[in-house]
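In what follows, a structure is listed as structure tokens, so that the remarks can point back to it.
All chains are named by letter (A, B, ...) in the order of the sequence lines, taking the proteins before the strands, and each is independently numbered beginning at 1.
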2 protein chains.
Amino acid sequence: MPLETAKVPNLGKAPSASDIILTFIRDAIADGSLDQGEPIRQDDVARLFNVSKIPVREALKRLEAEGLVEFHRNRGVVVTSVSDPELAQIFEVRAILESSAIKLSIPNMREKTLARALEFCETFARETDVARWSELNWQFHSCLYEDAERPFLVSTIRSVNDRLERFLRIQLALSQGKEIADREHREILDACRARDVERAGTLVFEHIMGACRSLLEHLPRIRTR
Amino acid sequence: MPLETAKVPNLGKAPSASDIILTFIRDAIADGSLDQGEPIRQDDVARLFNVSKIPVREALKRLEAEGLVEFHRNRGVVVTSVSDPELAQIFEVRAILESSAIKLSIPNMREKTLARALEFCETFARETDVARWSELNWQFHSCLYEDAERPFLVSTIRSVNDRLERFLRIQLALSQGKEIADREHREILDACRARDVERAGTLVFEHIMGACRSLLEHLPRIRTR
DNA sequence: CTAGAGAATATCGTATACGGTTTACGATTG
DNA sequence: CAATCGTAAACCGTATACGATATTCTCTAG
């Protein structure tokens, strides 16, 4: 009598306290509620979740490895500050990886994928809630890389994107930010339809570096470094 | 009276217990003393260092974020297994990033850098201690990317390399592995001297993917996945 | 009123402790 | 004898506790 294995909630994969806290802090950095340079008090977070510091520290250690926070011995954890040149370099790595991904993807790209990408593109264009733009933007991008069948490449891109998330949200919210993104998305899609590998790669590269440029132009940075 | 801030050993960053354990376990995975799939018992490591489990767990959490180990809730931590396709994808990302890095580097490459690279190249060729090959190989590669002045790109390459470290050591130890690497290093160096950006990029890409191929050919993998 | 010493406070890093889950294994039953 | 069950041991995740370090406050000397 095999029990209905399908609909049983999988207890084995229940997230641990540190998993939940990890996601919470990562999101808080992404949406700007934790600004760069801002300290993260372990006891505060622990109290917030009614847990001890230990799962909090474990979550923070993972975020440290992801580059989102920094530990300062005996002084505490702060959200990593990103200087302009660093920001440009992170965008550049993203551009390198994403343009490679789309080049690998196009030769295998199915009609169905093109249709889904168009769908995401239009959902993005229609969405009025600023908070969701970045998420829909990612759906469009990652959809295009799916047929490359390179999960590791995509997850690497994802992790670079995580570092940029807070800035991407700002960039899209800039005047024209979303409109320009939408226009460029459609051009990229056209190149994919035409199976023009080189053009698509170049467009993706420029799409990303363009976002970087407009961000740097509009960010009045008063930071120390 | 600004003291030489550059060369003062930064006491503020004295390594914590978890830092030391992190390096220890990472090295153990790199040199093969911890094989893939092998469990890492928190209490054992703690006893080894005469500390509690807590710094051990924090180190493991960082290694989890680096992709070197996996937590299985209530069952323990194991060294991440890498399937053949995954391995190929990691090598490919490395090839993409390193070929881009050298292309960005060559236009700014100084004579001094070329001289240093040649030095590393020859030290690598002369070295007889298998254990040091991989380290010297990295010195040669990273030296070539220095003039790109892209620290983030180089650190991204470094982190991809960390995932491959255990396999790179195997690859270099294969018959002819080191000799082929040496020959290709010299070709790459020639292209750099000639400032031939495209050729250098292609050579680096092929150098890395070639290592990947020879590794996959010679790895008799009996793993489940 | 200011600079500096010293005490009080906040926060950190880690040890110890413990309940909960998984694993190993011998007992039990069909 | 094989399969299942029950129990004990091993191991994990997290709470509590505490010494160490950093920071802030207070008080005093100049």
Notebook entry, point to check: Is Q42(A) near enough to dA10(C) that one of its side-chain N or O atoms lies under 4.0 angstrom from OP1 or OP2?
Noted result: no
Notebook entry, point to check: Less than 4.5 Å apart, any side-chain heavy atom of E135(A) and any of E127(A)?
Noted result: no
Checklist line | Interatomic distance, H72(B) NE2 vs dT22(C) P [rounded to whole Å] | finding: 14 Å
Notebook entry, point to check: Is a salt bridge present between E119(B) and R116(B), judged by a nitrogen-to-oxygen distance below 4.0 Å?
Noted result: no
Next item on the list: Output the single nucleotide from dC12(C), dT23(D), dT21(C) whose closest atom is nearest the side chain of D43(A).
Entry: dC12(C)
Check: Is the H207(B) ring parallel, tilted or perpendicular to the H185(B) ring (thresholds 30°, 60°)?
Finding: perpendicular
Notebook entry, point to check: Choosing from dG13(D), dT23(C), dA15(C), which nucleotide comes nearest the side chain of F71(B)?
Noted result: dG13(D)
Checklist line | Separation of atom CG in N74(A) from atom P in dT21(D), rounded to whole Å | finding: 7 Å
Notebook entry, point to check: What is the distance, rounded to the nearest whole Å, between atom CD1 of I20(B) and atom P of dG13(C)?
Noted result: 14 Å
Next item on the list: Rounded off to whole Å, could you give me the CG-to-P distance for the L22(A) and dG13(D) pair?
Entry: 15 Å
Check: What are the residues of residues 52-62 of chain A, sorted by number, that bring a heavy atom to within less than 4.0 Å of DNA chain C?
Finding: K53(A), I54(A), R57(A)
Notebook entry, point to check: Does the distance from a Lys or Arg side-chain N to an Asp or Glu carboxylate O, for R169(B) and E165(B), drop under 4.0 Å?
Noted result: yes
Check: According to a strict under-4.0 Å criterion, is R73(B) in side-chain N/O contact with OP1 or OP2 of dT22(C)?
Finding: no
Margin query: Among L63(A), L60(A), L34(A), exactly one meets side chain to side chain contact (heavy atoms under 4.5 Å, CB included) together with L68(A). Which residue is that?
Written below: L63(A)
Check: Rounded to the nearest Å, what distance is computed from the CG atom of residue N50(B) to the P atom of nucleotide dA15(C)?
Finding: 9 Å
Notebook entry, point to check: For R41(B) and dC12(D), is the shortest distance between a side-chain N/O and OP1 or OP2 below 4.0 Å?
Noted result: yes
Next item on the list: Decide yes or no on side-chain contact (heavy atoms from CB on, under 4.5 Å) for S214(A) and Q171(A), but give the supporting numbers first.
Entry: CA-CA 7 Å; S214(A) 89; Q171(A) 195 276 324; 3.1 Å; yes
